[in-house]
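Structure, as C-alpha cells:
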Amino acid sequence: MKIEMGSLRFCDKSLAYEVRAKDLIDRMTLEEKVAQLGDKAMGVQRLNLPGYEWWSEALHGVSDVGPGTRFDQTVPSATSFPTVILTTSSFNETLWKTIGEVVSDEARAMYNLGLAGLTFWSPTINVVRDPRWGRITETPGEDPFVVGRYAVNYVRGLQDVKGYEKTRNPNSRPLKVAACCKHFAAYDVDNWKGVDRYHFDAKVTERDMVETFLEPFRMCVKDGDVASVMCSYNRVNGIPVCADPKLLNGTIRQHWNLNGYIVADCDSIDVMVNGHKFLGDTPVEAVGQALKAGMDLDCGKYYPNYATAAVRQGKVMESEIDASLKNLFIVLMRLGWFDGNPGGYSGLGKNDICSPAHLELSAEAARQGIVLLKNDNNTLPLTIGTGKPKFAVIGPHANATKAMIGNYAIKNGVTCHYSTPMDAIAEYGDVVYAAGCQGVKCPNGDGIGEAVQVSKQADATFIFVGLDLSIEAESLDRNDLNFPGSQKELITQISEAATKPVIVVIFSAGGIDISFLQQDPKVQAIVWAGYPGAEGGRAIADVIFGKYNPAGRLPITWYPANYVDQLPMTSMPLRPVPESNYPGRTYKFYNGSTIYPFGYGLSYTTFRYAIKSATNPVTLNLAQFQQCKQLQFLDGRKTDCPAVLVDETRCTRVVTVKAVVTNTGKRNGAHVVFIYSVPPSGIVRAPIKRLVAFKRVFVVAGKSQVVSFKLNACRDFSIVTDDAYELLPSGQHTIIVGDGKDAVSAQITVGFNHN
C-alpha cells in the first residue's frame, strides 16, 4: 500500500522535533529500528526514509577518513588546517571558532554536492597525560581548561547557526553540522610496549576523573552544546566505557544534559567482546549492555546484527532502542536532513571549498601557533646583507608535504595546495637542498656528509627535523623522547662545521629532549612548527624572515628524556606517587626540571606585566545550614572554616583582574597572557598552580594595554580533594599573571560569612 507522505506526522514541519521523531519510530518494526543503529543506517523504504552514513571526520578540515565523505573530480580536496596541537598553541579562541566556521562551510558545500554527510566525529579532546602518546597531534594539549575552551569554540564554530546560538529548547536548535567530542574518557594509551587501547584498563581515581579527564567533556557538552559524544575503547576501573551506565547515562545524559546522541568508537562492541572479554559476554549480551548504558549508535555492525536478538532474549527493552533512535532522529531533524538546509546554507558550493580566503586562514593559523623556542643574539628574524643570499635547506622535513597535514587529513583526494618549507624559503634566496636522512627515521648517517658540505656553502642553514606519523600516530605510542635515528648526529655535525647561522625547525606533536640544541652555541635559533598544515611552508618562512612576529606558546610540557624512565605510560595518576618514585604529570603537578615548560614561547619583542587591580578581599555568604568542609594541611593546622562545597555555594561573585601588558621592545607583536590561580599554601596534594584564563592580545611597540579578566570566585579558586569534592578553600589565594621570571602576582583573600 502506497503511503501518502503528506499525511504522516513526522513529515509535518509545524510539529516539534520530539513529536515527529516519536511518530516516525512508532511506525517502524523492531527489525527496521535496529537497521538504523549502525553508522550505515539502512533507512526504511516503505516510509520513504533514505539511508544515512553517520561517520564523517573534520578534525582540522573536512576529511574522507570516514565513509560519509568522499572527494571526486568536482571536489578533489578541502582546506587542510594545521593539526590541533599547533592551532591550540595560538591560544586564540576567536581563531579556533573561525576555523570551525570555515570547516563547516566546506562541509555544507560538500553535502550540497552529495559528497558528505552532516555529522562529523570531531574534535578530539582528550587531555595529554603522557608525552609518549601517539595522538597528541589531534589534541589541544595537557591542560583540561584549555582543552575544554578549544572544544567549546571549535564545536560552536562547526554547529552554530547564526541567530540560534541559544534557544529555550536546545533540541529545537538548528545545527549547521553536528560535531562530536571524543574519546570519552580517560583514553590516552594507544599501543605502548604491548599494551593497546583494545585491552587497556585505565585505573583512575574519582578525583582525577572529575578534575582532569571529564572536565573538557563537561565543558564541551554544557558550554559547547555539542550534538554528540563518542565513548572510547578502553575500560575505566574495569568497565568498558561504552558499557558504563554511570559514565554514559549518568554523567553525559543526566548530569550534563546532552542534547544529542552517544556513539561508539568504531567496533567498540567487538573490542568489548573479544578484547576486554567483559563479563564473558556474547555479542547479544554486549549489545544489551551498551544499549542499556546509553550508547545510542554503533560505529560498526554489532547493533544491526544483534540488537533484535537482544530484545527477543530480554537483554534490553525495545523502548530503550526507541530512546536511542529519538536521540538520533532529532539530531538529523535539527540538521535539516528531513526538511532542507537551515540557515541559508543551500547556496554553498564548489567555490566555497579551498577558496583563497580559506587557504590564507590555514596559513594564519600556522603563523599564530608557531613557537619560537630559542633565539640567541636575535638571530631571527633573519636578515642577510646585500645581494641574493644562498640558503642550505636540509633534513627529512625540508621538502615536507603530507607530513605537514598529519592524520585525519585527506586520504583519497589531493590537497588544495602545498606550500613546502623549501619552496617558501626559496622566495627569499637561492636554495641548495640536501635531505641528510632517509626519512624521519634516519636509519643511518649516509647523507650527513653531503648535508655538511651543502651547509658550508650557505649564508644560513635551515635544518628541518622531527617526527611524523611513522613515529607518533593513532595506534602508535612512542618509547622515548629523542630525535629518531641519526637526526641528532645530522644536526650536530652541521653545527660543528658551521660558520654562518644555523636554524633548526622541528615538526612534532609531542615534545623532544633537545637539551643538546639549547646548549649548542652554533644553533642560534629553534622553531617548533607542530604539523603546520598544507600552507605550513610559507607560515614558517614568514616567521623566520620577520613578516610575522611569533607569539605561539607550548600547550604541553616538554620533559627531559629520562622522564619516561621514571614511570610507565600506563600509570594513570597525575599527582606524584612517592612510594613508587613517580613524578607528577603536567605543569599542575610535575615539579621536576623541564626542557620547556607549559606556556613557553619567545617573541621578537619583549613584554612586561603589572597588575593594575584585582578584587580583594572576596567574602561569600553561606546558606543558613551550609556546612564547612575540612582540608588536610601539611603542618596539620586547623582553621574555623577551611573550605566549603562549591556546588552548595552561590557562585555569582566575580573577581576582576586587570593586568597591564607593556611591549618594551621595538616590534609590534601579539602576546598570550596567562592567568593562574594558586590555592592557599600547605594544602595536601593541591595543584602547584592552575590556568583559569588566557587572552591573546596585540600590543604596539612601546605601548601598554590593559587586559581585563573576569573570574568566578568559586570555580576559578577551587580545588578537587581526594574524595572528589570540589571545594573552595578559605584563606590567601594567589593570582599569577604570566610565566617564569617575568610573572607578577597578587594576593586574594577568600572568606565566608555565616548567616
- [ ] Would you check if there is a donor-acceptor pair between the side chains of Asp296 and Asn327 at a distance under 3.5 Å?
- [x] yes
Task: Phe217 ring center near Trp256 ring center (under 6.0 Å) - done: no
TODO: Any chance you could lay out the side chain to side chain contact (heavy atoms under 4.5 Å, CB included) test for Asn234 and Arg197, step after step, and finish with the verdict?
DONE: CA-CA 6 Å; Asn234 56 290; Arg197 56 188 178 167; 5.7 Å; no
Which donor-acceptor pairs under 3.5 Å do the side chains of residues 401-410 make with protein atoms, sequence neighbours left out?
unit_1, atom_1, unit_2, atom_2, d
Asn407, ND2, Glu138, OE2, 2.8
Tyr408, OH, Arg135, NH2, 3.3
Tyr408, OH, Glu474, OE1, 2.9

Open item on the list: Among Phe329, Tyr111, Tyr52, Trp54, which residue satisfies the ring pair (Phe, Tyr, Trp, His ring centres under 6.0 Å) criterion with Trp337?
Closed with: Tyr52
Task: Lys326 atom NZ: more than 12 heavy-atom contacts under 6.0 Å - done: no
- [ ] Tell me yes or no: between the side chains of Gln289 and Glu285, is some donor less than 3.5 Å from an acceptor?
- [x] no
- [ ] Calculate, to the nearest 0.5 Å, the distance between atoms CG and CE belonging to Asp267 and Met272 respectively.
- [x] 11.5 Å
TODO: Say whether Glu472 and Tyr531, considering side chains only, have a donor N or O and an acceptor N or O under 3.5 Å apart.
DONE: yes
Task: Arg70-Asn412 side chain donor-acceptor pair, cut-off 3.5 Å - done: no
TODO: Please step through salt bridge (Lys or Arg N to Asp or Glu O under 4.0 Å) for the pair Lys411 and Glu57, ending with a clear verdict.
DONE: CA-CA 11 Å; Lys411 185 173 62 171; Glu57 302 279 356; over 6 Å; no
- [ ] State whether a side-chain donor-acceptor pair under 3.5 Å links Thr69 with Ser56.
- [x] yes
